[in-house]
**Q** 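Below is the structure I would like to discuss, written out as structure tokens.
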Amino acid sequence: MPAREEFQAIQSMPLFEWLKVQPISVTWWLWCSIIILAILTINTIFCSIESIIKKRKATQWLLLISPQIIHIGFLFILLAHLLSSTGGFKGIAVAREGTFLKMPNDSITLNVRAINIDVDQYGYINDWEVDVEYISGQNKILKGRIKPNAPSLKEGFNINVKDLQAFPEKAVLLQVSREPGALWALIGGILFMTGIIILIVLKMRMER
């Protein structure tokens, strides 16, 4: 798959936009996977409802509800992937000090004000930071700073540095991305793990 030309852009655009422009001979297995996931989602919802109805008089309520918490977490994770597949964005641009970049929403411009790179005597980079500001029309609306493991966030967009160079001139490779499903994935992951932990703890107590 990675060797095929069609798959070179799959990481730089939302999945469903990518699927629209690719021939079915290349993407048929992805469409089949999406259909299977849709069926699995419907099955999970109905099975959870049926399980709660049948066991609503159970005394061990936590033991009853823990599998459903796992199911809900799983559904939130699927929802996160769906949202990112339809409304996600990822773009890369090379920027130098003074570079202006138009954001994908077209209402805001990103200005790279300064690139500060700390280089030791051997030429190795010890630390770095990039000062940016957001401009709407003629107004500067916000200043930000990108540092290692600390991207700049604005209107749902995540701006981080993928690479940088100190010589012969300062430059950075910026990645602008938007993951509308990130929050739902976090919630789903927490619920999934919570349900598993509750189930394990209660099973261990019952076996004692």
Side-chain angles (χ1 to χ4, degrees), residues 1-2 4-46 48 69-95 99-112 130 132-137 139 141-147 149-163 172-194:
M1 184 182 69
R4 295 188 63 109
E5 182 181 353
E6 294 89 346
F7 287 90
Q8 300 304 311
I10 193 172
Q11 297 296 334
S12 60
M13 58 194 305
L15 177 63
F16 286 110
E17 287 187 16
W18 180 84
L19 287 171
K20 290 178 184 178
V21 298
Q22 302 303 328
I24 193 68
S25 61
V26 173
T27 61
W28 63 270
W29 61 276
L30 277 171
W31 286 113
C32 289
S33 299
I34 292 170
I35 292 171
I36 291 171
L37 284 173
I39 295 172
L40 184 59
T41 298
I42 295 171
N43 180 73
T44 301
I45 292 172
F46 280 103
S48 296
I69 295 175
I70 296 172
H71 292 168
I72 293 172
F74 169 72
L75 293 175
F76 274 134
I77 293 171
L78 286 182
L79 175 63
H81 283 293
L82 177 64
L83 293 174
S84 293
S85 296
T86 55
F89 174 85
K90 185 182 294 182
I92 293 178
V94 176
T99 297
F100 289 84
L101 299 172
K102 198 73 173 178
M103 296 289 285
N105 58 6
D106 289 330
S107 63
I108 295 177
T109 300
L110 176 71
N111 175 27
V112 180
V130 179
V132 298
E133 63 183 6
Y134 299 91
I135 301 172
S136 179
N139 302 317
I141 57 176
L142 182 68
K143 290 184 178 181
R145 179 168 291 170
I146 306 172
K147 302 179 70 174
N149 299 316
S152 179
L153 304 175
K154 179 62 178 174
E155 294 189 357
F157 288 97
N158 182 311
I159 300 95
N160 60 71
V161 173
K162 298 295 288 183
D163 198 3
V172 293
L173 183 64
L174 292 181
Q175 176 177 282
V176 180
S177 60
R178 178 178 59 199
E179 292 290 344
L183 178 61
W184 297 106
L186 175 62
I187 294 172
I190 292 173
L191 289 174
F192 194 89
M193 290 302 300
T194 301

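Here the structure is a predicted model, which is why all the values come from computation and not from measurement. We use all heavy atoms of the structure for the numbers below, so side chains are in, but hydrogens, waters and symmetry mates are not.
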**Q** Is the shortest heavy-atom distance from the side chain of Leu40 to the side chain of Phe74 under 4.5 Å?
**A**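 A side-chain contact under 4.5 Å exists here.
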**Q** Within the structure provided, determine whether Leu19 and Leu15 are in side-chain contact (heavy-atom separation under 4.5 Å).
**A**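 Yes, at least one pair of side-chain atoms sits under 4.5 Å.
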**Q** Grab the two heavy atoms, one from Pro180 and one from Gly88, that are nearest each other, plus how far apart they are.
**A**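 Distance-wise, the nearest heavy atoms are CD-CA, 3.8 Å.
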**Q** Which heavy atom of Thr194 sits nearest a heavy atom of Ile190, and at what distance?
**A**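 Nearest pair, atom of Thr194 first, then Ile190: OG1-O, 2.6 Å.
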**Q** Could you tell me if the side chain of Val176 sits less than 4.5 Å from the side chain of Met103, heavy atoms only?
**A**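 In contact.
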**Q** Hey, what do you get for CD1 (Ile70) to OG1 (Thr44), rounding to the nearest 0.5 Å?
**A**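 Result: 11.5 Å between the selected atoms.
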**Q** Testing the basics here: between Ser107 and Ser136, what is the closest heavy-atom pair and its distance to 0.1 Å?
**A**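 That would be O-OG, 3.5 Å.
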**Q** Starting at CD1 of Ile77, measure out to CG of Leu191 and round the result to the nearest 0.5 Å.
**A**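 One finds 9.0 Å between CD1 of Ile77 and CG of Leu191.
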**Q** Which heavy atom in Pro151 sits nearest to a heavy atom in Asn158, and how many Å separate them?
**A**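 Heavy atoms of Pro151 and Asn158 come nearest at CB-OD1, 3.3 Å.
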**Q** Grab the two heavy atoms, one from Tyr134 and one from Ile159, that are nearest each other, plus how far apart they are.
**A**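 Closest approach of Tyr134 to Ile159, heavy atoms only: OH-CD1, 3.3 Å.
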**Q** Please tell me if the side chains of Leu37 and His81 come closer than 4.5 Å, counting only heavy atoms from C-beta onward.
**A**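 In short, these two side chains do not touch, never coming nearer than 4.5 Å.
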**Q** Calculate, to the nearest 0.5 Å, the distance between atoms CD1 and CD1 belonging to Ile72 and Ile45 respectively.
**A**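 Answer for the CD1-CD1 pair, Ile72 versus Ile45, is 10.0 Å.
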**Q** Is the shortest side-chain heavy-atom distance between Ser84 and Pro14 below 4.5 Å?
**A**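 No, too far: nothing below the 4.5 Å cut-off.
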**Q** Taking the side chain as every heavy atom from C-beta outward, state whether Leu110 and Phe157 have any atom pair closer than 4.5 Å.
**A**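 Of all side-chain heavy-atom pairs linking Phe157 with Leu110, none is under 4.5 Å.
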**Q** Relative to the ring of Trp184, is the ring of Phe76 parallel (under 30°), tilted (30 to 60°) or perpendicular (over 60°)?
**A**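 Geometry flag for Trp184 against Phe76: parallel rings.
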**Q** Working to the nearest 0.5 Å, report the span between CD1 of Ile34 and CZ of Phe16.
**A**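 Answer rounded to 0.5 Å: 4.0 Å.
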**Q** Would you sort out whether Leu82 and Leu78 count as a side chain to side chain contact (heavy atoms under 4.5 Å, CB included), showing the intermediate values?
**A** CA-CA 6 Å; Leu82 177 64; Leu78 286 182; over 6 Å; no
**Q** For Phe100, does its backbone N or O pair with a side-chain atom of Thr109 as donor and acceptor, under 3.5 Å?
**A**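 No, the answer is negative, given that no donor and acceptor are paired below the 3.5 Å cut-off.
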**Q** Taking atom NZ of Lys154 and atom CG of Leu142, what is their separation to the nearest 0.5 Å?
**A**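 Atom-to-atom, Lys154:NZ and Leu142:CG are 5.0 Å apart.
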**Q** If you round to the nearest 0.5 Å, how far is CD1 of Ile36 from CH2 of Trp31?
**A**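 Rounded to the nearest 0.5 Å, the CH2-CD1 separation comes to 14.0 Å.
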**Q** For the residue pair Val132 and Leu174, establish whether any side-chain heavy-atom pair is separated by less than 4.5 Å.
**A**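 With C-beta onward as the side chain, the pair stays apart.
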**Q** What pair of heavy atoms forms the shortest contact from His71 to Ser48, and how long is it?
**A**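 So the minimum-distance heavy-atom pair works out to ND1-OG, 2.8 Å.
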